Amino acid sequence: MGATLENREDKCTLTWPASSFAGLPCPPILRYNQRAMTEKYNPPEIEKKWQSRWEKTRLYATSEDSDRPKLYELTMFPYTSGDLHIGHWYAMAPADVHARFMRMKGYNVLHPMGFDAFGLPAENAAIDRDIHPHTWTMKNVENMRRQFHTMGAVYDWDREVVTCSPDYYRWTQWLFLKLHEAGLTYRAKAPANWCSRCQTVLANEQVTAEGRCERCGTAVIRKDLEQWFFRITRYADELMQHEGLDWPEQVKTMQRNWVGRSEGAEISFSIEEYGLDEKEIRVFTTRPDTTYGVTFMVLAPEHPLVEKLTSPEYKDRVDDYVNRARRQSEIERLSTERERTGLFIGAYATNRLNGEKVPIWIADYALLSYGTGAVMGVPAHDQRDFELAKEFGIPIKVVVAPDRWSGEELEEAYEEPGTMVNSGPFDGQPSEEGKDAIVAFMEENGYGKKAVSYRLRDWLISRQRYWGAPIPMVHCPRCGIVPVPEKDLPVLLPEDAEFKPTGESPLKYCEPFVNTTCPRCGKPAQRETDTMDTFVCSSWYFLRYCSPQHDDGPFDPQRLKYWLPVDLYTGGVEHATMHLLYARFFIKALRDMGIVDFGESFIKLFNQGKIIRGRQKMSKSRGNVVNPDEYVAESGADAMRAYLMFIGPWEQGGEWNDNGLIGITRWLNRIWNLVLAETEIVSVGRGPCPDTGEGHGGRTRGTDKELRRVTHQTIKKVNQDLERFHFNTMLAALMEFTNYLARLKEICAVKDSPAWKEAIDALLLLLAPAVPHLAEELWERTGHPYSIHHQPFPVWQEELVAEEEFTLVIQINGKVRDKVSVPVSISEAEVRELVLSRERIKAQVRHPIVRVIYVTGRLVNIVVK
RNA sequence: GCCGGGGUGGCGGAAUGGCAGACGCGACGGACUUAAAAUCCGUUGAACCUCAAGGUUCGUGCGGGUUCGAGUCCCGCCCCCGGCACCA
């Protein structure tokens with residue numbers, strides 16, 4: 001144990017605060033090997049110890065009878081895909097740190113966890129591995145739950161929610177029935193994503209960006225099936241509003257764009273001459289001002305009028321085109337590089353504004369699901385129409401003149417506002433005014449009106465798959481579609497269904513499930529065999545956490561009233577237009593039914609970034625996944641938690657790097673040694689800090705006063721950073737504090753000083769949210785009662801934070817030329833005098849001084865000619 | 001194409017319009033060690049001047065502007081990442 005005497009002179013240059021100890025008389029001290037003195041920091045051991053103690057003492061159990069203010073902090077629950085990967089840690093660990101912080105700040109914090117457990121991956125795994133989806137899922141849940149425990153989070157596991165459990169999906173079904181009662185569900189034929197190889201319908205998420213089946217790579221086609229929808233479009237306008245929500249601008253914008261409200265007009269074109277029941281083709285347009293420029297009509301290939309209007313000589317070609325369009329997949333569409341296709345169907349419609357007869361075409365750029373499924377073709381003022389017209393020689397009629405336009409042909413569609421021409425009585429009007437004028441005119445004459453159209457479609461919730469919540473409906477040959485009575489819920493998912501892909505819902509072939517009696521007439525009937533989209537399950541799970549065992553309804557209203565809405569919701573931005581939109585719709589619908597009394601569930605939303613590796617997203621196929629378990633076993637959960645936070649700003653994500661973890665591990669070791677290493681051995685030459693010691697700037701150095709100042713500055717910084725999710729800079733501040741304390745300890749006998757004790761206690765308390773196990777262990781070892789996580793978070797005293805001096809930066813023409821330490825109380829006049837009397841400055845000010853700018857407490861800038 | 005978010009040392013990243021590069025990694029030098037690891041101390045944006053103490057110039061993707069002063073604000077571009085993309 002070779003203790004060495006050293007000359008103190010060369011060790012007194014400390015870095016923080018800037019040269020704090022410079023100028024102190026430095027007696028020689030004894031160096032020693034701390035590691036040899038002290039028990040080693042052993043993360044796996046202490047983490048296991050505290051995790052089990054926290055659990056035994058139910059440290060994180062939450063209740064509703066608290067006199068503290070409530071705070072509901074929620075992290076998006078994970079899908080039960082197998083195990084918790086580093087991305088989950090990145091989402092969960094910092095959120096847990098924040099929840100712990102708020103707990104210590106005195107809030108009654110609900111920070112629950114659960115599992116999104118229904119869905120296709122389980123079923124696919126089942127098919128691949130010949131294992132039941134339930135078995136596969138529950139095995140994953142168990143594994144993920146175990147992994148969550150190693151993270152050391154504050155989750156109250158009594159509140160766990162697993163969406164595939166009958167206790168849960170019973171209420172998913174109940175909510176379906178409520179939506180049904182409210183008229184928010186309907187059944188309609190709709191195209192589904194169909195993989196002809198797997199013989200199955202795919203969810204949108206199962207179709208790759210290239211329009212292929214995620215599993216086998218076959219191009220997905222569309223197949224019409226009777227499906228259930230939720231009328232989310234009824235809430236389109238409200239979903240675009242985010243009043244009172246503290247959400248990222250990006251998400252709000254994405255949702256607004258997704259809903260895609262367009263204002264315009266619905267205009268009717270006459271087809272009376274064909275003697276059909278339908279006398280008109282209705283179109284939606286945002287440009288009623290261009291109605292005089294219509295030179296053709298376009299119907300979506302699937303439009304019901306196509307069959308009725310097609311003249312016999314065009315029938316074969318039209319059928320062919322329609323069939324091709326139906327089969328067309330996204331990939332084919334993209335590969336055609338926007339080449340316009342279309343076909344004249346041998347019929348005409350009349351533009352009632354000018355009496356012109358225009359040919360009716362079909363083209364795949366007209367979508368049945370948007371607007372009215374029909375478009376008026378105005379080639380001069382819509383690029384798609386323009387391309388079709390050019391391709392097939394349809395006339396192009398300019399009705400909105402660009403500036404300085406003198407009748408020449410257009411190179412491309414002119415889509416900007418202009419002056420109306422070739423528009424009868426409307427000639428000469430600015431086109432923007434013409435919009436209203438023309439709609440008003442049409443309205444008077446009964447063939448047009450103002451209209452709004454949305455990009456948002458109703459939510460297709462049917463899945464022709466096994467592993468989901470059964471839709472609680474019965475098909476009765478006599479009574480039609482009849483809802484299952486509430487008392488008969490849940491409609492249990494049968495365990496023994498054959499879930500191999502056959503192209504139809506697996507439940508269809510499960511006779512004991514299908515065959516039932518009609519709840520209305522009591523005669524034999526069949527159950528609905530589709531299951532619900534998993535997004536239905538996740539649209540209300542945050543309500544269930546309030547009272548997960550409640551069996552009188554989806555939640556206990558009293559407890560819901562206590563906890564909801566969620567104060568802080570964190571998760572990935574990828575859910576902006578799916579889960580978050582669905583959940584908002586659900587809550588608005590429940591509000592309108594009087595089931596809840598609020599219309600938004602997530603007051604503040606925060607999106608963390610993604611963690612990548614090798615500049616790429618982590619994925620099993622790339623082989624770049626980081627398995628957190630190995631790192632936890634080696635370095636500990638505390639190091640993992642801290643490292644993930646230290647990578648960079650939470651909202652930006654970042655790259656995983658093993659070396660970064662090393663730095664954190666070293667730091668945690670330094671904390672361990674700082675707090676625990678015995679100091680008695682270091683006795684030679686060691687004396688009390690010179691409490692009245694004067695630094696070179698007349699400032700006291702290495703004193704209790706300074707120690708307390710640094711302590712309180714750190715407390716302030718950590719509080720403010722945690723408040724704003726600035727975990728990386730919070731850790732940097734704690735590292736600086738640790739470094740400062742370690743140096744102080746080395747030169748002064750600080751052990752028994754109250755300021756030192758305050759500093760170490762504060763350090764541990766500030767560390768508690770980020771590295772809960774280490775903080776708890778050191779808290780115990782420094783003689784405090786269990787548990788540090790019941791302690792209040794340190795609060796700074798502003799008067800202790802204040803510096804007595806500051807470094808005045810002296811600039812000449814904006815360039816730093818000198819610095820001097822001055823008391824904070826210095827007046828501007830004194831600054832001027834001091835600065836101008838300095839030799840260095842005098843020497844450099846060679847020209848007349850124009851101005852002197854003094855920024856209080858910071859710098860002075862001498863402006864010379 | 002449209003909508004977001006970015007571009008700062010060798011790397012991850014700090015900086016209410018006021019000392020650019022905190023904190024960490026890496027690298028280099030030193031202490032300890034038979035040696036290595038670990039640990040500790042120091043140096044570390046670039047170029048230049050100086051025996052030295054120290055000093056000068058340049059520097060936050062590019063080009064302009066505002067300002068006493070710009071990584072930060074304004075205008076015009078370039079590049080990277082993410083999302084949306086025939087929505088009439």
Side-chain angles (χ1 to χ4, degrees), chain A residues 2 4 6 10-11 13 15-16 31-36 248-254 256-258 260-262 264 283-287 290 298 300 333-334 336 338 340 363-367 369-378 381-385 387 453-457 573-574 576-577 607 609-610 612 615 617 643 646-649 651-664 666-667 669-670 673 726 728-736 738-739 742 746 807-816 818-819 850-853 855 857-864:
Chain A
T4 318
E6 249 188 58
D10 53 15
K11 316 189 58 256
T13 326
T15 57
W16 192 83
R31 292 287 304 279
Y32 62 97
N33 185 348
Q34 290 187 325
R35 301 287 300 273
E249 215 44 55
Q250 183 190 6
V251 174
K252 292 194 278 188
T253 308
M254 282 169 81
R256 276 195 299 268
N257 292 344
W258 187 264
R261 181 187 163 97
S262 296
V283 303
F284 173 76
T285 180
T286 53
R287 294 297 302 276
T290 64
V298 188
R333 275 201 203 168
L334 288 168
T336 53
R338 290 169 172 260
R340 285 286 157 237
D364 56 15
Y365 73 84
L367 308 174
S369 53
Y370 186 78
T372 59
V375 180
M376 62 184 206
V378 187
H381 307 293
D382 180 284
Q383 188 58 25
R384 291 156 303 176
D385 298 343
E387 286 163 16
S453 197
Y454 299 92
R455 190 188 162 281
L456 182 73
R457 310 293 150 85
V573 71
E574 64 272 18
T577 53
N607 299 124
K610 279 187 204 29
I612 55 168
R615 271 180 235 154
K617 218 170 128 177
Y643 173 57
F646 193 61
I647 289 176
E651 66 274 22
Q652 273 172 36
E655 175 137 12
W656 174 267
N657 182 346
D658 285 8
N659 287 333
L661 188 60
I662 291 168
I664 293 291
R666 290 211 271 248
W667 173 53
N669 268 305
R670 283 206 305 279
N673 292 328
H726 290 190
N728 55 333
T729 49
M730 167 198 73
L731 290 176
L734 285 169
M735 286 174 184
E736 287 184 77
T738 312
N739 294 344
E746 199 166 283
T807 304
L808 177 70
V809 172
I810 306 166
Q811 298 183 335
I812 296 173
N813 282 351
K815 292 195 170 163
V816 180
D818 199 3
K819 291 172 194 180
V850 180
R851 274 168 88 170
V852 176
I853 289 151
V855 183
R858 284 185 192 275
L859 61 67
V860 62
N861 188 11
I862 302 162
V863 185
V864 299

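Since the model is a prediction, treat every value here as computed from it, not as a measurement. Heavy atoms only: backbone and side chains are in, while hydrogens, waters and symmetry mates are out. Protein chains get the first letters and strands the later ones, always in sequence-line order, with residue 1 at the start of each.
Taking only side-chain nitrogens and oxygens, A:K815 comes nearer than 4.0 Å to OP1 or OP2 of B:rC58. Phosphate contact (OP1/OP2 of B:rC87, side-chain N/O of A:R384, threshold under 4.0 Å): present. Regarding contacts with the backbone of B:rA88, a side-chain N or O of A:S262 is found under 4.0 angstrom from either OP1 or OP2. The side chain of A:N607 places no N or O atom within less than 4.0 Å of a non-bridging phosphate oxygen (OP1 or OP2) of B:rG4. At the phosphate of B:rC25, OP1 or OP2 sits under 4.0 Å from a side-chain N or O atom of A:R666. Between B:rU39 and A:N669, no contact under 4.0 Å exists linking OP1 or OP2 to a side-chain N or O.
One can place CG of A:N728 at 15 Å from P of B:rC25, the figure rounded to the nearest angstrom. A:Y643 places its OH atom 7 Å from the C1' atom of B:rG12, with the value rounded to the nearest Å. Atom CD1 of A:I662 is separated from atom C1' of B:rC23 by 17 Å (rounded to the nearest Å). Atom CD of A:E651 and atom C1' of B:rG4 are 14 Å apart (whole Å). Residue A:Y454 contributes atom OH, which lies 16 Å from atom C1' of B:rA88 at whole-angstrom precision. Distance A:N659 CG to B:rA27 P: 8 Å, rounded to the nearest Å. Here B:rG26 presents its C1' atom at 14 Å from CG of A:D658, a figure rounded to the nearest Å. Atom CG in A:L367 sits roughly 11 Å away from atom P in B:rA85 (whole-Å rounding).
Scanning both residues, A:N861 and A:N813, for their nearest heavy atoms gives OD1-N, 3.4 Å. In plain terms, the two heavy atoms of A:V860 and A:L808 that are nearest each other are N-CD1, 4.0 Å. Across all non-hydrogen atoms, the minimal contact from A:I853 to A:V863 is CD1-CG2, 4.2 Å. The two residues A:Y643 and A:E655 have their closest heavy-atom pair at OH-O, 3.7 Å. In plain terms, the two heavy atoms of A:P649 and A:N728 that are nearest each other are N-ND2, 3.6 Å.
Geometrically, A:R340 engages A:Y365 in a cation-pi contact defined by less than 6.0 Å to the ring centre and at most 45° from the axis.
Within 4.0 Å of A:N861, counting heavy atoms only, lies at least one base atom of the nucleic acid. Among the protein residues, A:L859 comes within range of the nucleic acid bases, having at least one heavy atom under 4.0 Å from a base atom. Counting any heavy atom pair closer than 4.0 Å across all strands shown, A:P248 reaches no nucleic acid atom. Residue A:D385 is out of contact with every strand shown, counting any heavy-atom pair closer than 4.0 Å. Residue A:A576 is out of contact with every strand shown, counting any heavy-atom pair closer than 4.0 Å. Looking at heavy-atom distances under 4.0 Å, A:V816 makes contact with sugar-phosphate atoms alone, never a base. Note on A:N813: nothing from the nucleic acid sits closer than 4.0 angstrom, heavy atoms only. A:R670 comes within contact range of the sugar-phosphate backbone alone, with a heavy-atom separation under 4.0 Å but no base atom that close. In this structure, A:Q811 reaches the bases: a heavy-atom distance under 4.0 Å links it to at least one base atom across the strands shown.
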Grab the N/O contacts between the protein and nucleotides 82-84 of chain B below 3.5 Å, and write none if there aren't any.
{"unit_1": "B:rC84", "atom_1": "O3'", "unit_2": "A:R455", "atom_2": "NH2", "d": "3.3"}

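Between B:rC49 and B:rU39, the two C1' atoms lie 39 Å apart (nearest whole Å). With both ends at atom C1', the span from B:rC68 to B:rC75 equals 23 Å, rounded to whole Å. Only the C1' atoms considered, B:rG59 is 23 Å distant from B:rU50, to the nearest whole Å. Between B:rG12 and B:rG17, the distance separating the two C1' atoms is 27 Å to the nearest Å. On the P atoms, B:rC3 is 38 Å away from B:rC58, given to the nearest whole Å. As rounded to the nearest Å, B:rU60 and B:rG7 have C1' atoms that lie 9 Å from one another. Across the P atoms, B:rG42 and B:rC74 are found 42 Å apart, a figure rounded to whole Å. Only the P atoms considered, B:rA37 is 14 Å distant from B:rG30, to the nearest whole Å.
Using a distance-only test at 3.5 Å, with no hydrogens or angles considered, a donor-acceptor pair links the side chain of A:R457 to the main chain of A:R455. In this structure a side-chain-to-backbone donor-acceptor pair under 3.5 Å is present from A:D382 to A:D385.
A donor N or O paired with an acceptor N or O is not found under 3.5 Å between the base of B:rC19 and the side-chain atoms of A:R858. Counting distance only, with no hydrogens placed and no angle test, the side-chain atoms of A:R457 and the base atoms of B:rC87 include a donor-acceptor pair under 3.5 Å.
Summary of the strand contacts: A:M735 and A:M376 both lie near RNA chain B, and taking for each the nucleotide with the nearest heavy atom, the more 5' one is attributed to A:M735.
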TODO: State the dot-bracket string of RNA chain B. Criteria: Watson-Crick or G-U wobble, both atom distances under 3.5 angstrom; notation: ( ) intrastrand, [ ] crossing earlier pairs, | interstrand, . unpaired.
DONE: (((((((..(((.....[....)))((((((.......))))))(((((....)))))..(((((..]....))))))))))))....

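A:E249 has a carboxylate O that lies under 4.0 Å from a charged side-chain N of A:K252, or vice versa, which qualifies the two as a salt bridge.
The listed nucleotides are B:rG6, B:rC19, B:rA88; the one nearest the side chain of A:Q652 is B:rG6.
Donor-acceptor pairing under 3.5 Å is recorded for the side chains of A:N739 and A:R670.
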